[in-house]
Amino acid sequence: YDNHPASQFATRLWWVLKYYGHDSVRVLDGGWQEWLSEGLPTSSAPPTTTTAIFTPHVRAQWRRTAAEVLQSLETRTMLLVDARDEGQYAGRIRRGLHGGHIPGAVHLPREALFTEDGRFLTPSDLESAAIHRGVTPEKQIVAYCNGGVAATSALFALSMLGYENLANYDGSWNEWGNRDDLPFELST
């Protein structure tokens, strides 16, 4: 859990642990604020833990590089999902050398996946939001944002719907938008 309205730091940890082969990972819907609003117990005492050994097993399919994304623009093997806000997607707000988005990327902003109180939408509403943008389970979905964090909110939401072909381009716009050798589009 975290205290971000879109749980993006909790979902980033979920993605990292999945990438390294750990399957028993959950994200608290609504995060810290929901926990507090329900009056559930809290503590400032250090937790009691037992030592365990975790041996990572990298799942390369959970991560994509700029070279792989660039190649997919020619082969159309991936559906790129831009999880940033509309201003950044369109290019009106620039967070890098270039503004805009990766050519062909669909816009599924992380904010479209949450209620006003920071909980994920119901499964039917999540499915509607995804399908409305052409994000369907049979496609290889590669999400990106600015640094691979907000994209994990979208990946987690899609995983709750049973989508299995998910990956994070964690270099995201911080990498793509600062390179002159990579294409980009602006929206009006």
Side-chain angles (χ1 to χ4, degrees), residues 2-22 25 27 31 56-114 120 129-130 133-160 163-188:
D2 65 28
N3 199 25
H4 189 277
S7 296
Q8 71 178 26
F9 301 111
T11 59
R12 173 65 181 200
L13 181 57
W14 163 83
W15 174 79
V16 167
L17 291 171
K18 295 288 279 185
Y19 174 72
Y20 284 112
H22 196 333
V25 185
V27 172
H57 300 283
V58 172
R59 293 177 176 148
Q61 73 272 20
W62 278 83
R63 183 177 180 269
R64 293 291 179 262
T65 65
E68 291 169 319
V69 171
L70 181 62
Q71 181 181 9
S72 81
L73 297 181
E74 298 170 10
T75 62
R76 299 290 180 202
T77 54
M78 301 175 193
L79 176 65
L80 297 172
V81 173
D82 189 320
R84 299 173 303 155
D85 65 60
E86 196 276 329
Q88 292 178 75
Y89 176 81
R92 290 188 311 279
I93 299 171
R94 185 188 305 183
R95 289 189 58 184
L97 180 62
H98 304 288
H101 57 272
I102 299 173
V106 298
H107 188 222
L108 181 59
R110 136 198 98 196
E111 293 80 12
L113 307 172
F114 291 88
F120 282 96
R133 291 164 173 89
V135 181
T136 56
E138 75 280 358
K139 296 178 180 174
Q140 167 63 64
I141 309 297
V142 177
Y144 73 94
C145 52
N146 284 308
V149 179
T152 64
S153 293
L155 293 172
F156 184 80
L158 295 171
S159 78
M160 290 191 306
Y163 286 52
E164 295 179 359
N165 297 317
L166 302 172
N168 186 5
Y169 167 36
D170 65 334
S172 285
W173 199 255
N174 289 344
E175 176 181 27
W176 195 277
N178 282 304
R179 288 179 52 180
D180 281 326
D181 62 326
L182 297 173
F184 62 93
E185 293 178 336
L186 301 172
S187 298
T188 56

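All residue numbers refer to positions in the sequence shown, counting from 1.
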Does [X] reach the main-chain N or O of [Y] with its side chain, forming a donor-acceptor pair under 3.5 Å?
| X | Y | result |
| --- | --- | --- |
| Asn178 | Leu97 | yes |
| Asn174 | Asn146 | yes |
| Tyr89 | Ala105 | yes |
| His101 | Gln88 | no |
| Lys18 | Val25 | no |
| Asp2 | Ala10 | yes |
| Trp15 | Val149 | no |
| Gln8 | Ser153 | no |

Take Ser72 and Val142 through the side chain to side chain contact (heavy atoms under 4.5 Å, CB included) test and state the conclusion after the steps. CA-CA 10 Å; Ser72 81; Val142 177; over 6 Å; no
Minimum heavy-atom distance between [X] and [Y], given as atom pair plus value:
| X | Y | answer |
| --- | --- | --- |
| Gly31 | Ser7 | N-OG, 4.4 Å |
| Ala112 | Arg133 | CB-NH2, 4.2 Å |
| Trp14 | Thr152 | CZ3-O, 4.2 Å |
| Gly104 | Glu185 | N-OE1, 3.4 Å |
| Ala83 | Ala151 | CB-CA, 3.9 Å |
| Lys139 | Leu79 | CD-CD2, 3.9 Å |

What is the distance from atom [atom1] of [X] to atom [atom2] of [Y], rounded to the nearest 0.5 Å?
| X | Y | atom1 | atom2 | result |
| --- | --- | --- | --- | --- |
| Trp173 | Asp82 | CH2 | CG | 8.0 Å |
| Leu155 | Tyr163 | CG | OH | 12.0 Å |
| Leu182 | His98 | CG | NE2 | 8.5 Å |
| Leu108 | Leu80 | CG | CG | 12.5 Å |
| Leu158 | Ile141 | CG | CD1 | 6.5 Å |
| Asp85 | Cys145 | CG | SG | 11.0 Å |

For [X], salt bridge (Lys or Arg N to Asp or Glu O under 4.0 Å) partners two or more places apart:
| X | value |
| --- | --- |
| Glu86 | Arg92 |
| Asp181 | Arg179 |
| Arg110 | none |

Return yes if a side-chain donor-acceptor contact under 3.5 Å exists between Asn168 and Tyr144, otherwise no.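 Note: Asn168 and Tyr144 side chains miss the donor-acceptor criterion.
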Test item: side-chain donor near acceptor, Glu68 and Tyr169, under 3.5 Å: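 No donor-acceptor contact under 3.5 Å links the two side chains.
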Listed partners of Asp170 passing side chain to side chain donor-acceptor pair (under 3.5 Å), at least two apart: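 Asp170 satisfies side chain to side chain donor-acceptor pair (under 3.5 Å) with Arg63 only.
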Under the side chain to side chain donor-acceptor pair (under 3.5 Å) test, residues paired with Glu74 that sit two or more places apart: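 Scan of Glu74 (side chain to side chain donor-acceptor pair (under 3.5 Å), adjacent residues dropped) gives none.
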Under a 4.5 Å cut-off applied to non-hydrogen side-chain atoms, are Leu70 and Trp176 in contact?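 Side chain of Leu70 against side chain of Trp176, heavy atoms only: contact under 4.5 Å found.
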Residues in side chain to side chain contact (heavy atoms under 4.5 Å, CB included) with Val16, at least two apart?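 Result, side chain to side chain contact (heavy atoms under 4.5 Å, CB included) vs Val16: Arg12, Tyr20.
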